[in-house]
Amino acid sequence: MPGGSLRVPGAAYEDRTPDLLVIGGGAGGLAAARAAARRGARVVLVDAGPLGGDCTFTGCVPSKTLIEAARRGTSFGDAMNVVRETVATVAATETDHVLVGEGVEVVHGRARFTAPLVIDIDGTEWRPQRVVIATGGRPKVPPIPGLDSVAVLTNETVFELRDQPRRLGILGGGAIGCELGQAFQRLGTAVTLIEAADRLLPGEEPEASEVIAGVFRREGVDVRVGTRLRGAATGAGGIRLDIDGGAPVEVDALLVATGRAASVDGLGLDRAGIDVNEHGIVVDHTLATTAKGVWAVGDVTGQVQLTHAADEMGRIAAGNALGRRRRRFDPNVIASVVFTQPEVARIGPTLADVKGRHRVAHLPMCAVDRAVTAGATDGFVQLVAGPRPILRNLGGGRLLAATVVAERAGEMISEAALAVQTGMFVGRLAQTVHPYPTWSTALRQAVAQFFMEIDGRRAR
């Protein structure tokens, strides 16, 4: 591995033609830079701010810390202190000095293309052999009247709160809105969750949405689905939200969680011949852009917007940039988790999007002994299997998709993800002896339905 040296703004660079230049120090950029360094390449990582990206500072790390603190019944003030401490702990593993020790040169500055494979970093011209763009995404605020004049919160600012809002409005019932909505409600804030679609988590299975909405209402969250925000204004009583089909809602703070947009501004992509669409930078299955020698990974591509997906994309892109063999990125083998309680985890398409012949096994968590012992029977396991080429349904066929709604769904889904990625016989899961009583036993119980009737249930 080559020895890296810490670069600081204003330093003199003897060689500005590295094997790989990575733009962006989030999950995707870090993975690409580290993978390139392990190959013995000279790699330079460029970022205008501290390394770590959204996941460390405004995403996964602070949100999951807040969720756990709320679950334990911690006070708001103590929870926010723990959030800041945890972010600092994780960020310490991704500093410039850590990366330099791994063979990655770090440059802090703003990068922009001035021509194909020509990049300006704060006035210094670089001509790398190859480039990986990993600039991530940013919160998207919809063009609703009044939002531009209201001090809205996003995931980039909500963790900076020092005073607990008595009433919090959340616009958007996706993963971020649901996770933070439940957490703030448990911390003692009265939460109103507004979603324009007819259910929460509209990208998940409808039954998963029903389970989460039921739990939220039981915990006191004011769930408003099929509801559009028409306007917002600041008044004497706080922020007034004008919504469809009802009286205005008064809140003290408003969190907007309506999706993310690719961070491409100021990169000069047009000068490099890099195409962009409404989702982000256009890439093919190997993560190559429309410009020779340039790859893009993570949220900036508008594909699977998850930290572990960005990490996988970064490693694939680095390998494709530096090696002869081209690997493909398959979004269908990337599992997702919504960290509510219960959690919602999925691998593969939803049932409505499954193509071709298939069978479905369904198991309610009330039939799982571990869930019964924990008094946490909200949820279910749903497995979708289809025929394998030539072998058809021998051994149960192959697993196409899985949805798990349970206390430990995020851990349980990995076994299903392994089955999907390797195309294994579904029967292998049924043959695997699971410890009793564990949450993962539910997968074996569900798989057994492909072969026999279990407690009156059989795959259909």
Side-chain angles (χ1 to χ4, degrees), residues 24 26 48 53-54 57-59 63 133 135-161 165 167-181 184 189 191-204 209 221-270 274-282 296 298-306 338:
D54 289 338
F57 296 104
T58 62
S63 65
I133 304 172
T135 48
R138 53 181 172 75
K140 184 163 53 178
V141 179
I144 295 174
L147 277 189
D148 57 351
S149 61
V150 172
V152 300
L153 298 168
T154 67
N155 72 291
E156 292 184 345
T157 58
V158 68
F159 301 109
E160 298 173 0
L161 285 174
R167 303 164 300 176
L168 175 66
I170 299 181
L171 182 60
I176 295 175
C178 284
E179 289 179 359
L180 295 184
F184 270 87
T189 294
V191 173
T192 300
L193 185 53
I194 302 170
E195 168 57 48
D198 61 359
R199 57 190 176 92
L200 298 179
L201 301 176
E204 302 298 335
S209 301
V221 177
D222 183 3
V223 178
R224 308 284 187 99
V225 293
T227 301
R228 292 188 176 277
L229 178 64
R230 292 301 184 187
T234 302
I239 300 173
R240 190 188 74 246
L241 305 178
D242 295 319
I243 60 174
D244 282 337
V249 176
E250 297 280 351
V251 297
D252 300 306
L254 176 63
L255 170 64
V256 176
T258 52
R260 296 176 63 76
S263 294
V264 295
D265 294 343
L267 289 177
L269 300 180
D270 55 334
I274 299 171
D275 289 350
V276 178
N277 60 22
E278 67 273 19
H279 303 294
I281 294 178
V282 177
D299 289 5
V300 75
T301 68
Q303 294 196 29
V304 188
Q305 297 182 339
L306 299 167
V338 181

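Because only heavy atoms are used, hydrogens play no part in the values below, and waters and symmetry mates are left out as well, while side chains stay in.
Side chains of Val221 and Phe184 form no contact here, defined as non-hydrogen atoms less than 4.5 Å apart. Considering only heavy atoms from C-beta on, Leu267 comes within 4.5 Å of Thr135 through its side chain. For the pair Ser63 and Ile176, the minimum side-chain heavy-atom distance is 4.5 Å or more. You'll find the side chain of Leu180 reaches within 4.5 Å of the side chain of Phe159, heavy atoms only. Side-chain contact between Thr58 and Pro139 is absent, with no heavy-atom pair separated by less than 4.5 Å. Using a 4.5 Å cut-off on side-chain heavy atoms (C-beta onward), Leu255 and Leu171 make no contact. Side-chain contact check for Val276 versus Val282: every heavy-atom pair is 4.5 Å or farther apart. Contact annotation: the side chain of Cys178 approaches that of Leu193 to within less than 4.5 Å [non-hydrogen atoms, C-beta and beyond].
For Glu179, the side chain to side chain donor-acceptor pair (under 3.5 Å) criterion is met by Lys64, not counting sequence neighbours. Remark: Glu204 pairs with Arg346 by the salt bridge (charged side-chain N to carboxylate O under 4.0 Å, His left out) rule, at least two apart or across chains. Residues satisfying the salt bridge (charged side-chain N to carboxylate O under 4.0 Å, His left out) criterion with Arg224, sequence neighbours excluded, are Asp222. With sequence neighbours excluded, no residue forms a side chain to side chain donor-acceptor pair (under 3.5 Å) with Ser263. Judged as a side chain to side chain donor-acceptor pair (under 3.5 Å), and not counting sequence neighbours, the contacts of Ser209 are Arg199.
Without hydrogens or angle criteria, Thr227 side chain to Val225 main chain gives a donor-acceptor distance under 3.5 Å.
The two residues Ile170 and Gly181 make their nearest non-hydrogen contact at CD1-CA, 3.3 Å. Residues Leu161 and Pro165 come closest through the heavy atom pair CD1-CD, 4.1 Å. Scanning both residues, Val251 and Gly169, for their nearest heavy atoms gives CG1-N, 3.6 Å. The shortest heavy-atom contact between Gly136 and Asp299 is C-CB, 3.7 Å. Nearest heavy atom pair, residue Ser149 against residue Thr234, reads O-OG1, 4.3 Å. Listed here is the closest heavy atom pair of Leu153 and Ala253: CD1-CB, 4.1 Å.
The stretch residues 242-252 participates, sequence neighbours left out, in these side chain to side chain donor-acceptor pair (under 3.5 Å) pairs: Arg167-Asp252, Arg230-Asp244, Arg240-Asp242.
Here Leu229 contributes atom CG and Ile144 contributes atom CD1; the two are 4.5 Å apart, rounded to the nearest 0.5 Å. Distance check, rounded to the nearest 0.5 Å: CZ of Arg260 to CD of Glu156 gives 6.5 Å.
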